Peer 1: 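One structure is given below, represented as structure tokens, and several questions about it will come after.
What you are looking at is a predicted structure, and each value in this text was computed from that prediction instead of being measured.
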Amino acid sequence: MKKIIIFAALAAAAMALAGCKQEKANVARLQVDGTTLKMEGSDEAVVFHGISYGWHNLWPRFYNESSLKSLKAQTGVTIYRAAIGSDDFALEWNPGCDHGYLDDKDLAVKCFDALAKSAIENDAYLIADWHSHITHPEAAKEFFTYVATKYADCPNIIYELFNEPVCFSFEENRSYADLGDPEAMKAYWQHLKAYSEDLIATITSLSNVHPLILVGCPSWDQRIDLPAEDPITSYDNVMYTVHFYAGTHKKELRDACDAALAKGTPIFLSECASCDASGDGEMDIESWNEWCSWSDANNISWMIWSVGDKHETCSFFTPEASSDGPWAEDVVTAWPKAGLKWKF
């Protein structure tokens, strides 16, 4: 099968689709076919190599129209991820950061709309990521209702319903007691499945473009085996998210992905980096390259973490970097240059 690796530019197969609430969209609708992502009107596989912004409430300064335009101009990347923090979880290890959506909806919506407008104007896709580790079903429904209503005619917008679910015990008291309990994890997937189906029904009742929807799985998006055994069947344009950090996650997680793919489970790597799972530590470029080779061989897209300026390995920029770009190499960290060989 031929495939298109979406990295430097959108393929010529992309067709103009008018009618967005804000601007004209010049990208094609995305459709899942088996385990493969394709553009409407094309039989070729699409493989995205994209960029995730960091939590909006940690780095709101990068959530502006110019930053996405500059990133696209400097890297050629045509898909981005808006990590809209749901709550104040990030405050626990980043004192002084802004509130999440639950306590400051205006900031969250302002940040998302800035990237969405720029994505539409610059012929790029944008993932609306409900960036959470705890279920907030009513708030999530409110956020996605806003997005699906405002961008009802925009094939640019992709919906990621829950960034990194963990388990019931984590939601109850931040413990990991359930992770070793097979029955508890199966029950938690049933909970996530029902949550996701409810949000899918809400989004698709408002959207006119049959959007691509990304569904998270338990244990920080590691337990891909659970949706593989019991997938969502009420909607046909769904992929399941897996997250990896190459310094921590290696062949065992790829083997689990292979088993899921063999069962027909479509996978989207919506967050990844070359360091360890903390977002810090040494880059494991050998492991990163193994993941890249595996994902390309299986026509699987990935989004790297992240646009931010925190002093940690996975950040793109130093604190001296401007908020809107363009950026010189001296304010770009080693990660995007060494791991991706991008030139700024």
Side-chain angles (χ1 to χ4, degrees), residues 32 34-35 86-87 89 92 129-141 159-201 213-273 276-279 284 287 290-291 294-295 298 300-303 305:
V32 179
T35 61
S86 65
D87 52 35
F89 186 87
E92 296 182 13
D129 162 34
W130 182 248
H131 206 74
S132 188
H133 302 304
I134 296 169
T135 310
H136 300 293
E138 294 308 314
K141 183 177 287 189
Y159 298 82
E160 184 172 359
L161 305 184
F162 192 157
N163 165 57
E164 282 184 348
V166 185
C167 57
F168 280 128
S169 61
F170 187 85
E171 297 209 13
E172 292 165 358
N173 56 26
R174 303 296 174 85
S175 82
Y176 301 106
D178 287 350
L179 292 183
D181 184 338
E183 294 307 313
M185 296 307 290
K186 287 180 183 179
Y188 188 61
W189 167 243
Q190 288 300 311
H191 168 72
L192 293 179
K193 183 179 177 183
Y195 160 93
S196 299
E197 288 174 328
D198 188 43
L199 288 178
I200 288 169
I213 295 179
L214 306 179
V215 174
C217 58
S219 190
W220 312 92
D221 280 340
Q222 306 291 293
R223 291 295 305 274
I224 188 63
D225 58 302
L226 295 170
E229 290 293 335
D230 184 18
I232 290 169
T233 58
S234 57
Y235 186 62
D236 67 351
N237 210 19
V238 168
M239 304 188 92
Y240 299 91
T241 57
V242 170
H243 291 178
F244 78 86
Y245 284 77
T248 301
H249 308 114
K250 301 179 188 287
K251 186 176 183 299
E252 184 178 4
L253 182 54
R254 290 196 296 274
D255 288 346
C257 290
D258 283 335
L261 289 169
K263 293 180 178 179
T265 307
I267 293 171
F268 194 107
L269 301 170
S270 64
E271 185 178 311
C272 57
D276 65 42
S278 71
D284 189 336
S287 178
E290 288 172 349
W291 273 103
W294 175 87
S295 60
N298 287 283
I300 293 175
S301 299
W302 45 256
M303 307 291 298
W305 183 263

Peer 1: For Gly264 and Thr35, which heavy atoms make the closest approach, and how far apart are they?
Peer 2: C-CG2, 3.5 Å
Peer 1: Check for me whether the distance between the ring centres of His131 and Trp305 falls short of 6.0 Å.
Peer 2: yes
Peer 1: Quick check: closest heavy atoms across Leu192 and Cys217, and the distance to 0.1 Å?
Peer 2: CD1-C, 4.2 Å
Peer 1: Just by distance, do the side chain of Glu171 and the backbone of Thr135 share a donor-acceptor pair under 3.5 Å?
Peer 2: yes
Peer 1: Does the plane of the ring in Phe170 sit parallel, tilted or perpendicular to the ring in Phe89? Use 30° and 60° as the thresholds.
Peer 2: tilted
Peer 1: Kindly give the heavy-atom pair with the smallest separation between Leu179 and Ser219, and that separation in Å.
Peer 2: CD2-OG, 3.8 Å
Peer 1: Just to verify, what does Ala194 make a side chain to side chain contact (heavy atoms under 4.5 Å, CB included) with, not counting sequence neighbours?
Peer 2: none
Peer 1: Do Pro231 and Tyr240 have side chains that approach each other closer than 4.5 Å (heavy atoms only, starting at C-beta)?
Peer 2: yes
Peer 1: As an exercise, state the distance from CD1 of Ile213 to CD1 of Ile200, rounded to the nearest 0.5 Å.
Peer 2: 5.0 Å
Peer 1: Any side-chain heavy atom of Trp220 within less than 4.5 Å of one from Val166?
Peer 2: yes
Peer 1: Any side-chain heavy atom of Arg223 within less than 4.5 Å of one from Trp189?
Peer 2: no
Peer 1: Between Ser86 and His136, which heavy-atom pair has the shortest distance, and what is it?
Peer 2: OG-CD2, 3.5 Å
Peer 1: Using a 4.5 Å cut-off on heavy atoms from C-beta on, say whether the side chain of His249 contacts that of Val242.
Peer 2: no
Peer 1: Taking atom NZ of Lys250 as the centre, report whether more than 12 heavy atoms of other residues, nucleotides or ligands fall under 6.0 Å from it.
Peer 2: yes
Peer 1: Lys193 and Thr233: side chain to side chain contact (heavy atoms under 4.5 Å, CB included), yes or no, with the steps?
Peer 2: CA-CA 10 Å; Lys193 183 179 177 183; Thr233 58; 5.7 Å; no
Peer 1: First locate atom CG of Leu214, then atom CG of Asp129, and finally report the distance between them rounded to the nearest 0.5 Å.
Peer 2: 9.0 Å
Peer 1: Using the side chain to side chain contact (heavy atoms under 4.5 Å, CB included) rule, take Glu290 and Arg254 through it: C-alpha gap first, then chi angles, then the decisive distance, then the call.
Peer 2: CA-CA 10 Å; Glu290 288 172 349; Arg254 290 196 296 274; 3.5 Å; yes
Peer 1: Give the intermediate values and the outcome of side chain to side chain contact (heavy atoms under 4.5 Å, CB included) for residues Glu197 and Tyr235.
Peer 2: CA-CA 8 Å; Glu197 288 174 328; Tyr235 186 62; over 6 Å; no
Peer 1: Is Tyr188 close to Leu226 at the side-chain level, that is, under 4.5 Å between some pair of heavy atoms?
Peer 2: no
Peer 1: Of all heavy-atom pairs between Tyr245 and Asp276, which one has the smallest distance, and what is that distance?
Peer 2: CD2-O, 3.4 Å
Peer 1: If you take all heavy atoms of Trp302 and Cys272, which pair is closest and at what distance?
Peer 2: CB-SG, 3.8 Å
Peer 1: Nearest 0.5 Å, please: how far is CD1 in Ile267 from CG in Asn298?
Peer 2: 8.0 Å
Peer 1: Measure the shortest side-chain to side-chain distance between Ser196 and Ile232 over non-hydrogen atoms and say whether it is less than 4.5 angstrom.
Peer 2: yes
Peer 1: Determine, stepwise, if the pair Leu253 / Trp291 fulfils side chain to side chain contact (heavy atoms under 4.5 Å, CB included).
Peer 2: CA-CA 10 Å; Leu253 182 54; Trp291 273 103; 3.9 Å; yes
Peer 1: With rounding to the nearest 0.5 angstrom, report the CG to CZ distance, Leu199 to Phe162.
Peer 2: 10.5 Å
Peer 1: Give a yes or no answer on whether the side chain of Thr248 reaches the backbone of Ala277 with a donor-acceptor pair at less than 3.5 Å.
Peer 2: yes
Peer 1: Quick one: pull up NE2 in His243 and CG in Asn163 and give me the separation to the nearest 0.5 Å.
Peer 2: 5.0 Å
Peer 1: Can any side-chain N or O of Ser169 pair as donor or acceptor with the backbone N or O of Asp178 at less than 3.5 Å?
Peer 2: yes
Peer 1: Hey, are the side chains of Pro227 and Val215 touching, using non-hydrogen atoms and a 4.5 Å cut-off?
Peer 2: no
Peer 1: Would you say Asp221 and Pro165 make side-chain contact, with heavy atoms under 4.5 Å?
Peer 2: yes
Peer 1: Within this structure, what is the CD-CD distance for the pair Glu164 and Glu271, rounded to the nearest 0.5 Å?
Peer 2: 5.0 Å
